[in-house]
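Okay, structure first, notes after.
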Amino acid sequence: MRVRLGVHPSCWIPKTKYPCHLDILQSCLSETAIIGYSGIEWVRMLPESPYFLQNQLTERQLNLTSVPFFLKQRKGSLHFNYDGLKNAFHLCEVTHCTTILIQEFCDEQLWLDEKVAENAKPKPSSLFKAYEHLAQKIRSKGIIPVYRLHPECSFFSREHLTEIINNCPSIDILFDPSILSIIGVNPSHFFAQNFHRISYIHLSNYEESDSKYQFTYPTEGVLDFEEFWPLLTESDFDGWCIVKGGSILDGFHPFTFARKNFLSIQTQLLKSKLFANRKKLATKAG
């Protein structure tokens with residue numbers, strides 16, 4: 001098992017400004033490295049030049065954990081920009097990143113009206129064919145394609161996630177316990193059933209207020225991860241586990257919670273490994 005801990009930078013970097021100011025970037029990267037994380041996920045607020053970004057990462061011995069690629073729903077079909085895909089490949093090449101997160105977005109005007117959004121959805125057959133073709137193209141470059149179910153997409157449902165798993169064998173699945181819980185899926189059961197397709201993890205938690213969900217750090221929300229750590233150990237997971245925060249912690253310095261979660265996760269993983277080793281020794285002795 002090789003769990004590599006990374007962090008999502010959005011709590012450090014304001015989402016309204018991109019690319020972000022150099023001082024903010026350097027503070028984010030330096031504090032990420034000081035805490036002990038070995039990677040950081042790409043967000044649009046990071047520098048546009050992949051070479052400049054890689055130099056900043058190298059100075060702090062950090063890795064870029066993933067690069068996003070967006071597909072947009074528009075008028076009954078999925079569209080993706082080939083230049084955008086080339087840029088994603090180039091960013092992966094320069095930064096030695098081996099994962100591309102595939103995400104769906106619908107045009108803003110579509111999800112303002114549920115009926116319009118429903119009529120604008122692509123046909124399932126063409127949707128899955130496009131995904132499988134894209135995943136194979138990404139794998140041909142030596143990069144792992146990982147599907148991320150996004151809350152802002154009109155396909156946001158457990159049924160859609162199941163169809164992606166069943167119809168697109170070339171694509172891995174991002175494991176996010178908060179998203180799974182929100183769509184009515186038990187995260188532990190999902191991981192146990194699909195661990196062979198999971199190579200990338202978003203660890204976040206959430207709280208519900210007035211029928212709205214606010215995402216936060218794993219240690220702060222309603223989810224209990226006690227059952228998850230043994231599953232991670234038993235499955236011999238090898239990949240990135242990204243700690244994510246959220247707007248619910250606005251006003252607090254991100255270093256505080258990012259460090260708290262790093263130490264908590266490291267402790268839980270160590271306990272899980274020790275328990276697994278003791279179990280093996282007991283089995284041999286018996």
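If you're wondering where the values come from, they're calculated on a predicted model, not measured in any experiment.
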Out of curiosity, does [Y] fall in the hydrophobic cluster containing [X] (side-chain heavy atoms, cut-off under 4.5 Å, transitive links)?
{"X": "Ile173", "Y": "Val67", "value": "yes"}
{"X": "Trp42", "Y": "Val7", "value": "yes"}
{"X": "Leu64", "Y": "Tyr200", "value": "no"}
{"X": "Val146", "Y": "Phe156", "value": "no"}
{"X": "Leu101", "Y": "Tyr147", "value": "no"}

Is Leu270 isolated, or which residues cluster with it under the ILVMFWY side-chain rule of less than 4.5 Å, directly or via members? Leu274
Other cluster members, Val94 - Ile/Leu/Val/Met/Phe/Trp/Tyr, side-chain contacts below 4.5 Å: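 Tyr51, listed by chain and number.
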Donor-acceptor contact below 3.5 Å, side chain [X] vs main chain [Y]:
{"X": "Arg148", "Y": "Gln103", "result": "no"}
{"X": "Asn63", "Y": "Ser38", "result": "yes"}
{"X": "Asn186", "Y": "His189", "result": "yes"}
{"X": "Ser181", "Y": "Pro177", "result": "yes"}
{"X": "Arg2", "Y": "Gly239", "result": "no"}

Are Glu220 and Lys260 ion-paired here, with the side-chain N under 4.0 Å from a carboxylate O?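 Result for this pair is yes, salt bridge flagged.
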Are a donor atom and an acceptor atom from the side chains of [X] and [Y] found within less than 3.5 Å of each other?
{"X": "Ser204", "Y": "Ser178", "result": "yes"}
{"X": "Thr219", "Y": "Asn261", "result": "yes"}
{"X": "Gln54", "Y": "Thr58", "result": "yes"}
{"X": "Ser170", "Y": "Tyr131", "result": "no"}
{"X": "Thr32", "Y": "Arg60", "result": "no"}

Quick check: closest heavy atoms across [X] and [Y], and the distance to 0.1 Å?
{"X": "Tyr217", "Y": "Pro254", "result": "OH-O, 3.8 Å"}
{"X": "Ile13", "Y": "Cys20", "result": "CG2-CB, 3.5 Å"}
{"X": "Ser66", "Y": "Glu41", "result": "OG-CG, 3.3 Å"}
{"X": "Arg4", "Y": "Trp240", "result": "O-CE3, 3.2 Å"}
{"X": "Phe237", "Y": "Ile198", "result": "CE1-O, 3.6 Å"}
{"X": "Val3", "Y": "Cys241", "result": "CG1-CB, 3.9 Å"}

More than 12 heavy atoms of other residues, nucleotides or ligands under 6.0 Å from CD of Glu227: is that the case?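 For Glu227, atom CD is not crowded (no more than 12 foreign heavy atoms under 6.0 Å).
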Heavy-atom count check: over 12 atoms from other residues, nucleotides or ligands less than 6.0 Å from Gln136 CD?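 Yes, CD of Gln136 has more than 12 neighbouring heavy atoms, counting only those of other groups under 6.0 Å.
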Would you call the rings of [X] and [Y] parallel, tilted or perpendicular if under 30° counts as parallel and over 60° as perpendicular?
{"X": "Tyr213", "Y": "Tyr206", "value": "perpendicular"}
{"X": "Phe191", "Y": "Phe175", "value": "perpendicular"}
{"X": "His160", "Y": "Phe128", "value": "parallel"}

Sub-4.5 Å side-chain heavy-atom contact between [X] and [Y]:
{"X": "Leu29", "Y": "Ile40", "answer": "yes"}
{"X": "Ile34", "Y": "Arg259", "answer": "no"}
{"X": "Leu232", "Y": "Ile201", "answer": "yes"}

Which salt bridge (charged side-chain N to carboxylate O under 4.0 Å, His left out) pairs, counting each pair once, include a residue from residues 165-183, with sequence neighbours left out? Arg139-Asp172
Report the C-alpha distance between Leu85 and Phe69 in whole Å, list the side-chain angles of each, state the deciding distance to 0.1 Å, and finish with yes or no for side-chain contact (heavy atoms from CB on, under 4.5 Å). CA-CA 7 Å; Leu85 186 58; Phe69 182 68; 3.7 Å; yes
